[in-house]
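One structure is given here, and the rest of the page talks about it.
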Amino acid sequence: MELKGIGVSPGIAVGEALIVEREAVPVFRLPLPPEAVEPEVQRVKGALEQSRRQIQAIKGRLAASGGPHAYIFDAHLLMLEDPLLVDRLVSLIRQERVNGEWAVRSVAEQLQGMFDEFTDPYLRETRGDLDDLLGRVQINLGGSPGAPSLSRLPGQYILVASGLTPSDLAELDWARVLGVATDSGSATHHTSILARSFGVPAVVGLGDATRRIAPGTQVVVDGTRGRLLVRPTGPLLEGMRAAQDRERREDARLQDMRALPAQTRDGVVVRLRANAEFPDEAATARRHGAEGIGLFRSEYLLGRSRQWPTEERQYEVYRQLLEHMSPHSVTVRAFDLGPEDLPTGGPSSPNPALGERGLRLLRHAPDAFRAQLRALLRASAHGPLRLMLPFISGGTDLREALDLLEEVRGVLASEGQVMAGKLPIGVNLEVPSAALTADLLLPDVDFFSIGTNDLVQYLLAADRVDPRVSAHYQPLHPAVLRVIRHVVESADAGQVPVSVCGEMAAEPLHALVLVGLGVRELSLTPVAIPRVKQAVRSVSERRVRAAALAALTASTAEEVQGLFAGAFAGALAPPEDGRPEGVVQAEE
Ligand code: PEP
Ligand code: MG
């Protein structure tokens, strides 16, 4: 079986599928080896017993306080002893060799279906008791020794998930993830961004892969071609393994370019920096030859608990990032969150992408924003730190943030804290109104960084995370290129550096378009740096500039794609096409 999706992180991974269903907590469907079956039965029995003791205790407390409703819990106790529940659980684990969490979930689904068919309203209402009880068993299983979690995967797997939240991703032990396949998602979803950053092949937008694949099935994630192969055999499997080996060799070769500059054949230098979400990615960034961090997505510091990180913790993280990247700069973006990411849950918005996000939202969390600014200003004493402001729509937002920064600086100075004389401030240009008025923002900024992930979504009215409109999400649309060109021209006039930090920068063909439009700094996922560097080193600026000029008057994204793919085929050729190893081929 072959499932079609969107390849969002290149490479091939072969391995066993681990299914992750997303509920309040992720529920895993793990294949168990025969020797693990009986211990798993005991683990479930332990969780049932623990639940029984807890309910007895609750009932006892209620009865002792004279509460008349202690009997309600009799129903729970009866259910816990009901063979319908217990025997089903045990036989499911034994027959299907699945983990307890999954067995509880499956039995819950079966029994809930039965309850829904009852005509007696009293019996139907007991369904609530059942949900409550099974929720308790699930929690007890989660706390039991040996419970699987994203940070403690029992082996190396291909994760097959409906979707993963930023908190799941923050917790995930990426060293144990061979590949990722998700039902939903898109190239700019944070799952895809992280998979690329860890060099883990990924395919998203697969529809219903989690339903169609049994746990433990051998699958192949082909992130290069956007497909998931289920149970491949014979020559197909051998072919995939051979391709995997070829890619590894090619990667090793590209690593050799680490020390070389990203310089075009006619001498124009492009600075390549890394995007990072976690502090430990600094090492990956250095390994791939990044000249600093161009975008540190600080919102990941909130983690699964969605707690604002303290000033001290942030100070340490920012300071360490600077030390790791020295002598290069580190650009930290202020928390870029939507209401759904807030510790308190936040007020819901009818259209979250157009609601209170980024800087708009930080106005409602002034203490958290102040703590971040304090941490940044203090860390600025340790190296070239820069601050980037997300989701600015114009001068009003920008000035408000700058005023707050000055206020915080004043407080720190009065406390006698050490700070750099200047903390350069940049705007993440991702809202069209800000990009189109870049010339007006110039006097207040030290740098621009174009966030094409959002800019494309807002310019083309195509949700970046909705696979149904992925065909409309076109980074090479002439409208996008024209806006980028406008920003570059404005920034050049004011001698303000401009970078691109959206996913466009990581795609070699797109990167050449950006260089042609005059962009001289790119910030991208570290693993993509060698390939982009190779593309830049294989072309002349003169030719990419001419092609980009032509692209500005093209009428469709496809035309732009064709133009660049044709003109720079040599520079963009994938390794499989027989390019001899060790040779950086030129396009002219
Ligand atoms: C962007 O919008 O291009 C960007 C870099 O930010 P994020 O992907 O975090 O929204
Ligand atoms: Mg953005």
Side-chain angles (χ1 to χ4, degrees), residues 8-9 164-167 169-170 185-197 202 204 272-278 281 285 290 293-302 330-341 352-362 386-393 397 426-435 438 447-466 470 473-477 480-481 483-484 487 498-507 510-511 513-514 519 521-526 528 532:
V8 292
S9 180
L164 293 164
T165 66
S167 356
L169 297 164
S186 67
T188 54
H189 189 274
H190 285 191
T191 305
S192 316
I193 291 173
L194 281 176
R196 279 192 293 277
S197 106
V204 302
L272 301 181
R273 297 198 178 98
N275 286 354
E277 286 71 32
F278 299 107
E281 283 177 279
I293 293 193
L295 166 62
F296 179 70
R297 291 183 165 99
S298 66
E299 53 276 11
Y300 278 84
L301 294 174
L302 270 75
V330 172
T331 303
V332 173
R333 185 173 66 186
F335 300 124
D336 187 9
L337 301 160
E340 68 283 2
D341 307 310
L354 302 178
E356 292 194 306
R357 323 191 59 79
L359 220 63
R360 295 179 188 175
L361 192 109
L362 286 176
R386 311 196 303 173
L387 166 63
M388 171 145 73
L389 300 169
F391 217 71
I392 291 264
S393 45
D397 301 348
V427 166
N428 199 186
L429 291 174
E430 49 189 351
V431 180
S433 58
F447 66 95
F448 285 127
S449 189
I450 308 177
T452 47
N453 298 342
D454 280 316
L455 186 63
V456 172
Q457 118 166 314
Y458 295 123
L459 276 174
L460 302 185
D463 190 334
R464 64 190 266 189
V465 294
D466 183 350
S470 61
Y473 185 94
Q474 297 181 313
L476 293 182
H477 192 290
V480 178
L481 307 191
V483 173
I484 294 175
V487 172
V498 51
S499 158
V500 171
C501 62
E503 294 309 302
M504 265 187 98
E507 163 64 44
H510 295 179
V513 176
L514 294 170
V519 175
E521 295 181 13
L522 301 173
S523 190
L524 58 159
T525 180
V532 167

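Heavy-atom basis, side chains included; hydrogens, waters and symmetry copies ignored. Nothing here was measured: the structure is a model prediction, and the numbers come from that model. Counting convention: from 1, in listed order, for ligands and their atoms alike.
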Problem set entry | Backbone N/O of R386 and side chain of T331: donor-acceptor pair under 3.5 Å | no
Exercise. For ligand 1, is any non-hydrogen atom under 4.0 Å from R464's backbone (N, CA, C, O), its side chain (CB onward), both, or neither?
Worked result: side chain
For this session: Check whether any side-chain N or O of S433 sits under 3.5 Å from a backbone N or O of S393 as a donor-acceptor pair, and report yes or no.
Result: yes
Exercise. Which option out of I450, V500, D454 puts a heavy atom nearest to atom 2 (O) of ligand 1?
Worked result: D454
Exercise. Any side-chain heavy-atom pair from N428 and C501 closer than 4.5 angstrom?
Worked result: yes
Exercise. Looking at L295, which atoms of ligand 1 are within less than 4.0 Å of one of its heavy atoms?
Worked result: 5 (C)
Problem set entry | Enumerated ligand 1 atoms positioned under 4.0 Å from heavy atoms of R297 | 4 (C), 5 (C), 6 (O), 7 (P), 8 (O), 9 (O)
Exercise. Looking only at heavy atoms of E503, does any of them come nearer than 4.0 Å to an atom of ligand 1?
Worked result: no
Problem set entry | Numbered atoms and elements of ligand 1 in range of G502, under 4.0 angstrom, heavy atoms | 3 (O)
Problem set entry | Proximal atoms of ligand 1 relative to C501 (non-hydrogen, under 4.0 Å) | 5 (C)
Exercise. Which is it for T452 and ligand 1 at heavy atoms under 4.0 Å: side chain, backbone, both or neither?
Worked result: backbone
For this session: Would you name the heavy atoms of A285 and A274 that are closest together and state the gap between them?
Result: CB-CB, 3.6 Å
Problem set entry | Chi angles and distances behind the side chain to side chain contact (heavy atoms under 4.5 Å, CB included) call for L194, E277 | CA-CA 8 Å; L194 281 176; E277 286 71 32; 3.4 Å; yes
Problem set entry | Straight-line distance of L389 CG to L429 CG, nearest 0.5 Å | 11.0 Å
For this session: Using modelled atom types only, decide if a donor and an acceptor are shared between the side chain of R273 and the backbone of L295 within a distance under 3.5 Å.
Result: no
For this session: Check whether any heavy atom of R333 sits under 4.0 Å from an atom of ligand 1.
Result: yes
For this session: For the residue pair L362 and F391, establish whether any side-chain heavy-atom pair is separated by less than 4.5 Å.
Result: no
For this session: Give a yes or no answer on whether the side chain of E299 reaches the backbone of F335 with a donor-acceptor pair at less than 3.5 Å.
Result: no
Exercise. For the side chain of Y458 and the backbone of L354, is there at least one donor-acceptor N/O pair under 3.5 Å apart?
Worked result: no
Problem set entry | Any N or O of N453 closer than 3.5 Å to N or O of ligand 1 | yes
For this session: Could you please give the number of protein N/O/S atoms within less than 2.8 Å of the Mg ion (ligand 2)?
Result: 2
Seminar exercise, completed: Hits for side-chain contact (heavy atoms from CB on, under 4.5 Å) against N453, two or more places apart or cross-chain, chain-then-number order -> T188, I193, R297, R464, Y473, E503
Exercise. Which ligand 1 atoms are under 4.0 Å away from a heavy-atom of E430?
Worked result: 1 (C), 2 (O)
